[in-house]
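Single-structure report; data block below.
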Amino acid sequence: MGFTDLLSDAGLTMLENWVVSRSYIAGYTPSQADVKTFQAIKSAPAAEKYPHAYRWYKHIASFESEFLSLPGDPTKEYSAYGPESSELPVNPAKAPEKAEEEEEEVDLFGSDDEEEDAETIRVREERLAEYKKKKEGKTKPAAKSLVTMDVKPWDDETDMKALEDSVRSIEKDGLVWGASKLVAIGYGIKKLQINLVVEDEKVSTDELQGEIEEFEDYVQSTDIAAMQKL
């Protein structure tokens, strides 16, 4: 059967009962099951009415930037997850007389049970430590920009080969020189147009232009012709 309309009280009650002893909709780590269920709710459940659903919703919201990369089948609807018909209480208005004794899933982030055996605590802490280590190990790629720079000489007698060699002699961590060409700008004068890739946090284009303009024997001025983020 799975979850029903999660915008209704009945659907939210079903979710509330499902996450009483679970941190995730399926399994022990966030997955597409959580993503689909989260997206079907639209907004956080009322904390005073659905405390466990509210706790689950806020926890899953912390992974929102990773939704596309979480494991699972993104084509499944939220109704594919949740309790089967045999798991639903006959009279949902009444609280179950005894707790689910056969629940085997381990809550990574704490449960409402007052008593937990040592093995359950050990497994939960090991899984939590492993998950945190994996998450911390993910490093974001460095932000880079593709830049096209114009380097103008003083006149048509400037040695453009020496000018380009001087420009390329500048070496920095996070700077990679690319292709170049000479572009006519009038009166027999040509400018050097050169491509480069920079890591934004390591290389300042303003400082780089200043360094190039220090080759005063060849360089009159520099301009950034184009720039785009990679």
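The two residues Trp56 and Ser23 have their closest heavy-atom pair at CD1-O, 3.3 Å. Taking every heavy atom of both residues into account, Phe38 and Ile60 meet most closely at CD1-CG2, 3.9 Å. In this structure, Leu6 and Gly11 approach most closely via the heavy-atom pair CD2-O, 3.4 Å. Here the closest heavy-atom approach between residue Glu77 and residue Lys36 is recorded as C-CB, 4.4 Å.
Judged by distance alone, with hydrogens and angles left aside, the side-chain atoms of Gln32 form a donor-acceptor pair with the main-chain N or O of Phe67 at under 3.5 Å. A donor-acceptor distance shorter than 3.5 angstrom exists from the side chain of Thr158 to the backbone of Asp155, with no hydrogens or angles considered. In this structure a side-chain-to-backbone donor-acceptor pair under 3.5 Å is present from Trp18 to Ile25.
Between the CD1 atom in Ile224 and the OG1 atom in Thr222 there is a gap of 6.5 Å [rounded to 0.5 Å]. Rounding to the nearest 0.5 Å gives a distance of 10.0 Å between CG of Leu182 and CD of Gln193. The CD atom of Glu126 lies 11.0 Å from the CG atom of Leu128; values are rounded to the nearest 0.5 Å.
Leu208 pairs in a side chain to side chain contact (heavy atoms under 4.5 Å, CB included) with only one of the listed residues (Val167, Ile170, Val147), which is Ile170.
Residues Tyr57 and Tyr50 keep their aromatic ring centres 6.0 Å or farther apart.
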Subject >> Step-by-step salt bridge (charged side-chain N to carboxylate O under 4.0 Å, His left out) determination, Lys172 to Glu207 >> reply: CA-CA 11 Å; Lys172 292 176 178 289; Glu207 292 179 3; 5.3 Å; no
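Hydrophobic cluster membership differs between Val197 and Met149, with clusters built from Ile, Leu, Val, Met, Phe, Trp and Tyr side chains linked at under 4.5 angstrom.
Within 6.0 Å of atom OH in Tyr54, 12 or fewer heavy atoms from other residues, nucleotides or ligands are found, so the atom counts as exposed in its surroundings.
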